[in-house]
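Encoded as structure tokens, the structure appears first; notes follow it.
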Protein chains: 2
Amino acid sequence: MARRPTTHDPFNAVAEPKRRMILEVMGSTERSVNELVVLLDWPQPMVSKHLGVLKKVELVKEHRQGRQRLYRVNMEKLKPIHEWVTPFEKYWSESYERLDEVLEILKKKEK
Amino acid sequence: MARRPTTHDPFNAVAEPKRRMILEVMGSTERSVNELVVLLDWPQPMVSKHLGVLKKVELVKEHRQGRQRLYRVNMEKLKPIHEWVTPFEKYWSESYERLDEVLEILKKKEK
DNA sequence: TCATTATATACCCATATGGGAATATGTCAA
DNA sequence: TTGACATATTCCCATATGGGTATATAATGA
């Protein structure tokens, strides 16, 4: 089996920095493709293609309006990423690092 | 340019579910390769190869001890992922969704 | 030295990638 | 109908992937 496609899930879709930038730039605002092209200063096909990936994993919702297509971030689909990474957060503090050392020392003393 | 290598950064490394599982299983505990092989019930080369990727992006630290190699999660490298996804969190609550609708209605009324 | 244990590496292959350029589709307005 | 605008799609290619199997490296103990 090869690497899983970028369209397989949000984790893969978001591994590409350009797609993260799109989500950042959009924020909570609905944007047309052209607005994004201007804001990001990328070629239009590039924006469309990345939006296509984001749409397939439902990280963005598309809404047609005349000849424009308006996109907005679907925050729900970012939840799993947040929920996966958050449990590790409790080990980040320096105090925890020190606690860890203390426990190691105590372990050795027990012997 | 092709897709960026899995070893390019933690975002790419963690896009693979098996590598996320390794980090979950390790938690805050130092583990030898064989312990992981037993805990995960995967072929040993598979574990080693995924650990190799995680090591290259420094998501794990390696510590040799006799013929064993002990690995532990390097929580620091997970921070950027947490920090990237967290700002979107404020838009997750239902109340915000409703607020958004209210604002849309107000906008229409202005016209 | 040799056998054993612990781990890493090499080889194979089908598959998707992202960028660029060109072109297609779709929708409006006159 | 025709042209202009907005967006999507197609074609190209070098490159890395993850799984499986086999083998290499490294460290230990007898």
Side-chain angles (χ1 to χ4, degrees), chain A residues 1-23 25-26 29-73, chain B residues 1-26 29-72:
Chain A
M1 203 180 297
R3 195 173 177 181
R4 261 171 247 222
T6 56
T7 52
H8 182 264
D9 61 22
F11 277 97
N12 280 282
V14 149
E16 165 65 33
K18 290 225 168 75
R19 283 192 287 268
R20 291 201 297 278
M21 290 187 67
I22 289 183
L23 296 177
V25 163
M26 294 181 71
T29 311
E30 201 170 38
R31 293 282 186 201
S32 72
V33 177
N34 233 337
E35 283 177 313
L36 292 172
V37 167
V38 170
L39 286 169
L40 293 163
D41 194 29
W42 297 346
Q44 174 266 314
M46 189 165 137
V47 173
S48 281
K49 274 191 283 187
H50 283 303
L51 280 173
V53 173
L54 292 172
K55 196 175 91 183
K56 236 172 217 159
V57 298
E58 294 180 282
L59 271 167
V60 299
K61 288 291 188 186
E62 180 202 58
H63 167 232
R64 304 186 189 207
Q65 181 183 295
R67 41 188 149 180
Q68 298 194 120
R69 304 215 187 171
L70 304 174
Y71 289 88
R72 64 161 53 235
V73 182
Chain B
M1 202 181 297
R3 196 173 177 183
R4 260 171 247 220
T6 56
T7 52
H8 183 264
D9 61 21
F11 278 96
N12 280 282
V14 148
E16 164 65 32
K18 289 226 168 75
R19 283 192 286 268
R20 291 201 299 278
M21 288 187 69
I22 288 183
L23 296 177
E24 288 166 26
V25 164
M26 294 181 72
T29 311
E30 201 169 38
R31 293 282 186 199
S32 71
V33 177
N34 233 336
E35 282 176 315
L36 292 172
V37 166
V38 170
L39 286 169
L40 294 162
D41 193 29
W42 297 346
Q44 173 267 315
M46 189 166 138
V47 173
S48 280
K49 274 191 285 186
H50 283 303
L51 280 173
V53 173
L54 293 172
K55 196 176 92 182
K56 235 171 216 160
V57 298
E58 294 181 282
L59 272 168
V60 299
K61 289 291 188 188
E62 181 203 59
H63 167 232
R64 305 186 189 208
Q65 181 183 295
R67 40 188 150 181
Q68 298 195 119
R69 305 216 187 170
L70 304 175
Y71 289 88
R72 65 161 53 235

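In what follows, chains are A, B, ... by sequence order, proteins preceding strands, each numbered from 1. Quick caveat, the model's predicted, so the values are computed rather than measured.
Between the P atom of D/dT7 and the NE2 atom of A/His63 lies a distance of 13 Å, rounded to the nearest Å. To the nearest angstrom, P of D/dA26 lies 9 Å from CZ of B/Arg64. The distance from atom CZ of B/Arg67 to atom P of D/dA27 is 11 Å, rounded to the nearest whole Å. Following rounding to the nearest Å, A/Trp42 (CH2) and C/dG19 (P) show an atom-to-atom distance of 8 Å. In this structure, A/Lys56 places its NZ atom 13 Å from C1' of C/dT17, rounding to the nearest Å. One can place NZ of A/Lys55 at 11 Å from C1' of D/dT7, the figure rounded to the nearest angstrom. What separates CG of A/Leu70 from P of C/dT27 is a distance of 14 Å, to the nearest Å. Remark: P of C/dA6 and CZ of B/Arg31 are 16 Å apart, rounded to the nearest angstrom.
Taken to the nearest 0.5 Å, the NZ atom of B/Lys61 stands 11.5 Å off from the CZ atom of B/Arg72. Going from atom CD of A/Glu30 over to atom CD of A/Glu62 covers 10.5 Å, rounded to the nearest 0.5 Å. Summarising the geometry, atom CG belonging to A/Leu51 is positioned 10.5 Å from atom CZ belonging to A/Arg19; distances are rounded to the nearest 0.5 Å.
You'll find the side chain of A/Thr6 stays beyond 4.5 Å of the side chain of A/Val57, heavy atoms only.
Contact check on A/Glu58 versus A/Lys55 returns no salt bridge, with no Lys/Arg side-chain nitrogen under 4.0 Å from an Asp/Glu carboxylate oxygen.
Side-chain atoms of B/Gln68 do not come within 3.5 Å of backbone N or O of B/Gln65 as any donor-acceptor pair. With A/Arg31 contributing its side chain and A/Met26 its backbone, the two residues share no donor-acceptor pair below 3.5 Å.
When each of C/dT7, D/dG29, D/dA8 is scored by its nearest atom to the side-chain atoms of B/Ser32, the top-ranked nucleotide is C/dT7.
Both A/Gly66 and A/Pro5 lie close to DNA chain C; mapped to their nearest nucleotides by heavy-atom distance, the more 5′-ward contact belongs to A/Pro5.
Of the side-chain N and O atoms in A/Asn34, one or more sit less than 4.0 angstrom from OP1 or OP2 of D/dT7. OP1 or OP2 of C/dA8 lies within a sub-4.0 Å distance of a side-chain N or O belonging to B/Arg69. Between A/Tyr71 and the phosphate of D/dA6, there is no side-chain N or O to OP1/OP2 separation shorter than 4.0 Å.
Contacts of A/Glu62 with the nucleic acid, taken as non-hydrogen atoms under 4.0 Å apart, involve only primed sugar atoms and P, OP1 or OP2.
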Would you list the protein and nucleotides 18-22 of chain D atom pairs, both N or O, that sit under 3.5 Å from each other?
| unit_1 | atom_1 | unit_2 | atom_2 | d |
| --- | --- | --- | --- | --- |
| D/dG18 | OP1 | B/Arg19 | NH1 | 3.3 |
| D/dG18 | OP1 | B/Arg19 | NH2 | 2.8 |
| D/dG18 | O4' | A/Met1 | O | 3.0 |
| D/dG18 | N3 | A/Met1 | O | 2.6 |
| D/dG19 | OP1 | B/Lys18 | NZ | 2.6 |
| D/dG19 | OP2 | B/His50 | NE2 | 2.9 |
| D/dG19 | N7 | B/Lys49 | NZ | 3.3 |
| D/dG20 | O6 | B/Lys49 | NZ | 2.6 |

